[in-house]
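All of these numbers come straight from a predicted model, not from anything done at the bench.
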Amino acid sequence: MRCLILEVTNVCPLQYASVISKLFISWFTPMIILCYKQTITKANLWNQEQDLKAEKNITGLQSLWKSEELRCAHRNFQHNVSYLKEYKGKEPSDEETSLLHENISNDDDHLKKAAVPSLTSCLIKLYGFEWLRSSLLYLLGCGATLLNPIILREIIHQVENVEERRTWKSVLLAVLFYVVSQMNCFCFQHSEQMMLRLALKVKTSLIGIIYHKCLKSSNSSKKDFTTGEILSLVSVDCQRIQDSFAFSQSLMSIWFIVAIGIYELWEPLGISLFGCVIAIITAAVTNVLFGKIRQNYFGDILALKGRRVKLFDEIVKGIKIIKMYAWEVFYTEKVSSIRTKEIEIIIKLIKVAAGEGVNNNITPFLTVVSLGRIQSFLLSEEIGASNVQHESELDCAVYMKKGFFKWDKKSDQNTLKGINAQFEEKKLIAVVGLVGSGKSSLLSSILGEMENAKGKVQVKGSMAYITQEAWIQNMTIKENILFGKQYDEKRYNMIIDCCCLKPDLKSLPSGDLTEIGERGINLSGGQKQRVNVARAVYADADIYLLDDPLSAVDAHVGKDLFHNVIGTNGLLKNKTRILVTHAVHLLPHVDRIVVMDNGQISEEGTFDELVAHNGPFAHFLKQHLVYEEQYDDDDDEQSELVNNRLESASDVITSDEEERHFREIKQRRSSIRRRSLTLERSKSLSSSLHHSAHILGDQGKLIQDEESQVGSVKISVFVTFIKAMGMTTIGPAFFLLFTSRALQVYSTFWITYWTSDSYLKNETLMQTDEYHNKQLYYLGTYGLFGCLQGLTLFLYGIFLFTGFANASSKLHQKMLLCIMHCPMSFFDTTPVGRIINRFSSDIDVIDERFRRYSDFFIGKLNSLVSIVIVIVIQTPLTFIAVVPVSVLFIILIRFYLPTSRQLKRIEAVTRSPIFIFFSETINGASIIRAYKSQNRFVYELYKRLDINSGFYFAANTAMGWIGVRIQSFGNLVVFAAALFAVLSENLSGADVGLSLSYAMQIMMTMNAVIQVLSFLQMDLISIERIEEFTHLEPEAEWINTKRPPEHWPDTGRLQFDDYSTRYRSGLDLVLNRIYFDIKGGEKIGVVGRTGAGKSSLTLSIFRLIEKSNGHIVIDGIKIDDIGLHDLRSKISILPQDPVIFSESLRENLDPKNEFSDEQIWKALECAHLKDYIANQNQCLETELGESGGNLSVGQRQLLCLARTLLHKRKILILDEATAAVDMETDELIQQTIRTQFAECTVLSIAHRINTIMDYDRILVMDQGCIAQYDTPSSLLKDKRGVFFSLAKEAELVHSSI
């Protein structure tokens, strides 16, 4: 969705807070009060604190990473040169030196990389001192903690010494006890705040450096790192690294505490202490061994998460096709199978953690695995900086000499070979050739997108790039056109007019401020391309690379675009234009033509020169000449002249036999030719905007802002999670926990019994058997309690964590099923990034963080209860003090929790735009690079990161705010107890020691409980967000009790009976009382103006929108009586936009493995792809790349045609299937449809009218109703009819006809 970036000018209060305010975090109190009083929005938060700004941190890490890469490159170069000198006894040649500079091994296995850049090293250099500072502060807090027992011992001594009781020294000790406790509070809380800040910086800088890499990644790197996998790095790995850093200061302090502890215990234990030391060393070694096992498990889990997110990302992007083919169950099972493997490894990890007993100390292992994954991506191939040289003194616009180019640096095969070309300035150069000849690759080589294996490319000036598949951002039309440029109203309006966009904007509710949906879902192919062209024109570049932009628009709109924009009199007449095109009728109007054939320039020259040459260009004309008849326009003298020149070309290039063949074809089409028209000009200026008009919100906004819940987390969220865990795990887990705590409490009393045994106190009996037996009895029983406690804790961990894993698995599956059952309207209005956020970040929180914090919370809460029980039993009067303290704590917590909830909810909401932006950037990286807009996009990321991290920082600060207050309040209670103890005359030293020890334990445990509760409160928001996505409104049942016959439909009769529908309840009807009958086997074309309801027919047949009235009947069965899958699986569809998954060709054609190789090859042959696929090394197992990136646009649509042929049904729907392809591909598709679907019922929403002029009947739609329904010839006779008026408005027929 479009992120409405909040430009806040409020300065963070921390920047002008006093020392005392910073110490007590009082500067944050106004936010706590505000959150308690009202529901806050993004506008209520200040600007991000300067030190946490994304730009500062990302720039720092990026600079260090570049230095690290240069250092390693130099070291590798020196290493390899040394090898050549030592083992080959010679100096390296110039070629070898060049290869070594690029870290290429030159086919010598001995030339290894001596060094690999280390991301960890960069982070240490950037943040090492800050981590050390926080750790030292934490160490100081630990020192204060260790001082408390010493001061307590002195207080006890003062109490036991009657003479020194109630002296100034006793009061001083009590004050000192408080000061040290408060020092502990400040050190711990601020150390934690510093580490949380550091963790946030690390996460921000890692996300930024990943984004920088996305802007430089080569095409070959996309094979290993797709959009989904990169989003997994950003959402899962970066978050885990942040979580790991958050409490990593304990890594240093633990050794300090152990050392001090050993020193303190040496005097009372003596030589027996060595047993403790051995136990500590054993535990440390075991921790490392278990940690290594965990590290391997973490690697496997993160790899599976990456695969799952990648697959789900592609599913959401291709959901329309998945629904139309009724593949939801298959892809649900495919995602679930990955998730099942993920859960299996999580359960293995749980067992290791439960056995180890140190489940929370996983910091280094999480970090190592995630940093390794991110580092692998950062080391993937980049676009070579030397692929293109920019020369300001060049005497032409583009110069290419002996160029050999390939998409994959490691490939042995060059895509382009021996390219020699010189493109003059301010000229229009056409690039032509057959499908797959290398036309688009030639443009990519000029842009530097391809690997320059040999030769050179020089460019003079800036470039603008128009891709064949238009890249549109989820922004307004105006913002897409401006593309970061300053608004010039006069120039902007002129460009809008020349790009034929004015009629579109007039039909929209908010004009050019109408929001375009993600990936341009609410625009037709032609509209997206015209916005694309307008963006390029507005960029005012020196060189324009146009990759067949006219193929997606109607011939006459294309003629206008050519005349007004591209041609010799267009807006770009003084620019260098390199135009890839299949529009033969335009070629006489260009300055020069370059002919591509099999990756080479076969010939070049003017139109007349190439025609006279009778070479490959003549062959190209021969294939297109007849098809170009559709462009003949009787009243256009220029077009007549073009056709005459083409006829002359035909005479040159064809033999007598070929000429007779062409004449036969022309005669067969002659009746069509005179009335051949295309409806893009009149009916598709805003063809799919009719659809968006019915789903747009207020003020032209399609994607609504993500909403968050308000108030406390609902009880239903807890109930849902507990049910998902299952009572078979919760019941035993808590029974084992209570048993363990009971054993622990009783062990405490057992030691008391042991030490107070009067027989054992008598040292004269030490040599007796009974004395030894009693000692063994007490020791053995205590050991038994310890073993049972360990066993119950282990089993508790197994049961509890398995329950968490089960809950996570069930919630994921429930959310997945709910998403797959959602209607298309949900996907039209919900960005992919918002959905991916739930399936990546939120699921990972339940998988890992929520489980750990829940265990810690349950343990601490149980410890608190145990301590209270012991206190009440031993000193019942203490209970009087415990109750009011607990009440005050609860009041403080209730005051704090609204802040924590709201900040975390907004943080989660502002996280989604980051993922959306990543997805947009990855898909449009080549365009961003072409326009040199990398810096603008980077700064946009900075703004989004600052907004998100601002709320994360605020949520962390809120934890510090409550932590300081609770611990400070607790310290006052302990101080009061200490002061009372030293001033009292009736308490013994044992009573004072016991009461103060318990008071300290209660306060420390309560503080720990509150801190973990804060984290849990944040994590509960993730469960709340997941639970929200398990209650989305579903579409109808996939399968119901009423099933159609197995071979239904057998004739393909299609009837609309008084049918009406709307996109959503409360909106206007888009189809109103439709009646028509299509006989089995009939071929019906559908035409109409903008908003006529053509696309709604397709959506209605597939029940992507449901009826409001009437019925649709197929072969006697009402489609609303049967399940969606029984309906959709029985209809074939060839959509406008080709949807290709980053799997093998076989899996794209036959994901459910229903067809044999022979059937697949037959479909490929009919789709004119057999030869191409057969020439690939892996044939049917060829990887197609993300979104079919390894295929041309035409090949992708032909592949979708092969998919349709494989899943051939009695009814075929063509939804502007050739709107975004070139005319050559269009002809191939139409030819296949005529031959392979001859016996089928065909309903075609026409993009080019000539494709339906030989259909049986044409259905003319107007304002959601049927205006006309008759044969093409009859419709053209009715001069008052809509069909004739459409032709007349397009200036393609005369009133006299």
Side-chain angles (χ1 to χ4, degrees), residues 1-15 27-55 196-197 200 203-204 207-208 234-235 239 473-476 479 515 518 697-699 701-713 829-831 833-835 837-838 841-842 896-918 920 939-959 961 1017-1018 1021-1022 1024-1025 1028:
M1 81 175 205
R2 178 189 172 213
C3 179
L4 296 178
I5 299 299
L6 177 69
E7 298 291 350
V8 285
T9 57
N10 296 334
V11 178
C12 178
L14 177 61
Q15 296 186 20
W27 60 269
F28 194 75
T29 302
M31 178 58 66
I32 297 286
I33 297 172
L34 181 66
C35 292
Y36 181 77
K37 288 182 176 180
Q38 67 182 55
T39 300
I40 65 168
T41 65
K42 288 185 284 187
N44 294 119
L45 191 68
W46 52 80
N47 203 355
Q48 177 61 294
E49 203 265 316
Q50 196 62 36
D51 190 48
L52 295 173
K53 286 274 190 180
E55 182 178 359
L196 288 170
R197 286 169 60 92
L200 185 56
K203 177 187 175 182
T204 301
I207 291 176
V234 173
S235 61
Q239 184 60 52
Q473 287 186 271
N474 177 209
M475 308 172 89
T476 65
E479 288 169 322
E515 182 183 20
E518 195 172 22
D698 296 335
Q699 299 180 344
K701 188 172 180 61
L702 174 65
I703 307 298
Q704 300 302 314
D705 290 337
E706 185 174 2
E707 296 180 356
S708 60
Q709 300 293 326
V710 295
S712 302
V713 177
T829 57
T830 306
R834 189 181 299 174
I835 301 173
N837 192 3
R838 299 307 208 278
S841 295
D842 291 323
Y896 153 76
L897 285 181
T899 304
S900 174
R901 280 195 303 267
Q902 292 193 62
L903 292 174
K904 180 57 181 176
R905 280 169 175 157
I906 300 177
E907 186 277 327
V909 167
T910 56
R911 196 190 311 143
S912 295
I914 296 172
F915 300 153
I916 296 168
F917 193 63
F918 259 88
E920 276 188 347
Y939 281 111
E940 176 66 18
L941 176 74
Y942 291 167
K943 289 194 286 185
R944 298 185 186 218
L945 283 173
D946 284 340
I947 288 175
N948 176 253
S949 63
F951 283 95
Y952 205 100
F953 167 61
N956 289 338
T957 304
M959 285 194 299
W961 183 90
Q1017 183 72 23
M1018 293 183 181
I1021 302 302
S1022 291
E1024 178 184 70
R1025 285 160 55 80
E1028 177 190 350

| query | Of the non-hydrogen atoms in W46 and V11, which two are nearest, and what is the gap between them? | reply | CB-O, 3.8 Å

| request: Please tell me if the side chains of S900 and M959 come closer than 4.5 Å, counting only heavy atoms from C-beta onward. | output: no

| remark: Rounded to the nearest 0.5 Å, the CD atom of E1024 sits from the CG atom of D842 at a distance of 10.0 Å

| said: Between M31 and L45, does the side chain to side chain contact (heavy atoms under 4.5 Å, CB included) criterion hold? Intermediate values first, please. | reply: CA-CA 8 Å; M31 178 58 66; L45 191 68; 3.8 Å; yes

Identify all side-chain donor-acceptor contacts of residues 948-957 below 3.5 Å with residues at least two apart in sequence or on another chain.
| residue | atom | partner | partner atom | Å |
| --- | --- | --- | --- | --- |
| N948 | ND2 | E907 | O | 2.8 |
| N948 | ND2 | E907 | OE2 | 3.2 |
| N948 | ND2 | T910 | OG1 | 3.1 |
| S949 | OG | Q48 | NE2 | 2.7 |
| S949 | OG | L945 | O | 2.8 |
| S949 | OG | D946 | O | 3.4 |
| Y952 | OH | Q239 | NE2 | 3.4 |
| N956 | ND2 | Y952 | O | 3.4 |
| T957 | OG1 | F953 | O | 2.8 |

| query | In chain order, what residues pass the side chain to side chain donor-acceptor pair (under 3.5 Å) check against S235, with sequence neighbours excluded? | reply | S840

| note | Of all heavy-atom pairs linking A958 and L903, the shortest is CB-CD1, 4.5 Å

| query | Can we call the ring centroids of F918 and F915 under 6.0 Å apart? | reply | no

| In Å and rounded to the nearest 0.5 Å, what is the CZ to OG1 distance from R905 to T39? | 8.5 Å

| So how far is it from Q50 CD to E55 CD, rounded to the nearest 0.5 Å? | 9.0 Å

| Is there side-chain contact between T204 and L52, with heavy atoms separated by less than 4.5 Å? | no

| said: Strictly distance-based, threshold 3.5 Å: is any side-chain N or O of E940 a donor or acceptor partner for the main-chain N or O of F917? | reply: no

| field | N/O donor-acceptor pair under 3.5 Å between E479 side chain and T476 backbone | value | yes

| query | What distance do Y36 atom OH and Q902 atom CD have between them, rounded to the nearest 0.5 Å? | reply | 12.5 Å

| Heavy-atom closest pair, residues R834 and S912 | CA-OG, 3.7 Å

| task | Please answer whether the main-chain N or O of R838 pairs with a side-chain N or O of R1025 as donor and acceptor at a distance below 3.5 Å. | result | no

| field | Side chains of D51 and R197 in contact at under 4.5 Å (non-hydrogen atoms) | value | yes

| task | Mind running side chain to side chain contact (heavy atoms under 4.5 Å, CB included) on C35 and Y896 for me, showing each step along the way? | result | CA-CA 9 Å; C35 292; Y896 153 76; over 6 Å; no

| said: For a 4.5 angstrom cut-off between non-hydrogen side-chain atoms, does L941 reach I914? | reply: yes

| request: Would you check if the side chain of E920 reaches a backbone N or O of N474 as a donor-acceptor pair within less than 3.5 Å? | output: yes

